[in-house]
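Bear in mind the structure is a predicted one, so any value in this text is a computation, not a measurement.
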There are 2 protein chains.
Amino acid sequence: MKNSQLYKGSLNTIIMKLLEENGKMYGYEITQKVKAITQGELVITEGALYPALHKLEAEGILDVEIEKVDNRLRKYYKLTEKGTTETVNRLSELEDFIRNMQSLVNPKLEF
Amino acid sequence: MKNSQLYKGSLNTIIMKLLEENGKMYGYEITQKVKAITQGELVITEGALYPALHKLEAEGILDVEIEKVDNRLRKYYKLTEKGTTETVNRLSELEDFIRNMQSLVNPKLEF
DNA sequence: AATTATGTATAAGAATCTTATGTATATTTG
DNA sequence: CAAATATACATAAGATTCTTATACATAATT
């Protein structure tokens, strides 16, 4: 990520949510999707992405499947069963996080 | 913080916003305030808080003022002029961050 | 022909946080 | 009244996550 420190810690959640939504994706595709959705505001660097994908795979959250397209390598990732369950938790945590942050910075509104 | 990884990177913003709102606060007070506002969901640990306060002070974001209350030490922190300016930026970044995260996890809604 | 885009990968270092520990006084509880 | 909890600050070792830089390779564009 090439942004404010705030994104620190959110990469795994982003990856998992995108995979939940799209079934399977490869690394480069994830970076492009995130860039598109955030209108260029959030740029995920390879140095952050690939280690994160490898770790999620090692933890049994993701499965990998290699394909060769146009003579180029692609590693498609998808959620395992465990990963799908874990994604629900992560998204719930994200909702709590956002709600808490809004309470902190916007104490006049009710949440 | 004693929570999900998501809070990583948000501590400085939280501190600065609370100081902007309350004028001056001491460390322990900040932890209690955050706990109260988030209904116990976000607990800031001393190991995270004090180094963060010292760093913000070293960066010229915060000023410190020592008081002795009930024979116990208190270090009151407040925003410097630079800190006040910087807080506006941080809060703007936080808004962008929240908006982007919502776009990513809730792609059906418009933002 | 050179640059950009596509595609994955790792390694050194920075930044932030967790966990554990330390010191000290005041208040509450059993 | 002794013990536990609350108040108050601090640091150090280690974990985690990310940045920055580098590496390799093919395809497409300028």
Exercise. Of the candidate nucleotides dA9(C), dC9(D), dT6(C), which contains the atom at the shortest distance from the side chain of Tyr28(A)?
Worked result: dT6(C)
Exercise. Would you say dA8(D) has OP1 or OP2 under 4.0 Å from some side-chain N or O of Tyr26(B)?
Worked result: yes
Exercise. Arg74(B) has a side chain; which of dA8(D), dA9(C), dT16(C) sits nearest to it?
Worked result: dA8(D)
For this session: State whether Lys55(B) places a side-chain N or O below 4.0 Å from either non-bridging phosphate oxygen (OP1 or OP2) of dT16(C).
Result: yes
Problem set entry | Check ion pair Glu86(B)-Arg90(B) (N to O, under 4.0 angstrom) | yes
Exercise. Do Lys17(A) and Leu91(A) touch side chain to side chain, with heavy atoms closer than 4.5 Å?
Worked result: yes
Exercise. Does OP1 or OP2 of dT8(C) have a side-chain N or O of His54(A) closer than 4.0 Å?
Worked result: no
Exercise. Looking only at side-chain N and O atoms, does Arg72(B) come under 4.0 Å of OP1 or OP2 in dT25(C)?
Worked result: no
Problem set entry | Given dT10(C), dA15(C), dT11(D), the nucleotide with the shortest approach to the side chain of Pro51(B) | dT11(D)
Exercise. Are Leu62(A) and Val88(A) in one and the same hydrophobic cluster, where Ile, Leu, Val, Met, Phe, Trp and Tyr link if side-chain heavy atoms are under 4.5 Å apart?
Worked result: no
Exercise. Taking the six-membered ring for Trp, is the centroid-to-centroid distance between Tyr26(B) and Tyr77(B) below 6.0 Å?
Worked result: no
Exercise. Could you state the CD-C1' distance from Glu46(B) to dA8(D), rounded to the nearest angstrom?
Worked result: 9 Å
Exercise. dT6(C) C1' sits how many Å from Met25(A) CE, rounded?
Worked result: 15 Å
For this session: Inspect the surroundings of NZ in Lys24(B) and state if more than 12 heavy atoms from other residues, nucleotides or ligands are less than 6.0 Å away.
Result: yes
Exercise. Taking only side-chain nitrogens and oxygens of Asn71(B), does any of them come within less than 4.0 Å of OP1 or OP2 of dA26(C)?
Worked result: yes
Exercise. Whole-Å distance between dA10(D) P and Ile30(B) CD1?
Worked result: 12 Å
Exercise. Which whole-number value in Å describes the distance from Phe97(B) CZ to dC18(D) C1'?
Worked result: 14 Å
For this session: Rounded to the nearest angstrom, tell me the gap between atom CG in Asp70(A) and atom P in dT8(C).
Result: 13 Å
Exercise. Base, sugar-phosphate, or nothing for Gly47(A), non-hydrogen atoms under 4.0 angstrom?
Worked result: base
Problem set entry | Given dC17(C), dA8(D), dA15(C), the nucleotide with the shortest approach to the side chain of Ala48(B) | dC17(C)
Exercise. Counting any heavy atom closer than 4.0 Å, what does Glu29(A) reach on the DNA or RNA strands: base, sugar-phosphate only, or nothing?
Worked result: nothing
Problem set entry | Separation of dC18(D) P from Lys8(B) NZ (nearest whole Å) | 8 Å
Exercise. Just to confirm, is there a sub-4.0 Å distance from OP1 or OP2 of dT11(D) to any side-chain nitrogen or oxygen of Tyr50(B)?
Worked result: no
For this session: Using atom CG of Leu11(A) as one end and atom C1' of dT16(C) as the other, report the distance to the nearest whole Å.
Result: 16 Å
Problem set entry | Whole-Å distance separating the NZ atom of Lys68(A) from the C1' atom of dG7(C) | 12 Å
Exercise. Is any side-chain nitrogen or oxygen of Gln5(A) closer than 4.0 Å to OP1 or OP2 of dT16(C)?
Worked result: yes
Problem set entry | Electrostatic pair Lys78(A)-Glu65(A), nearest N-O below 4.0 angstrom | yes
Exercise. Lys75(B) side chain N/O closer than 4.0 Å to the phosphate oxygens (OP1, OP2) of dA10(D)?
Worked result: yes
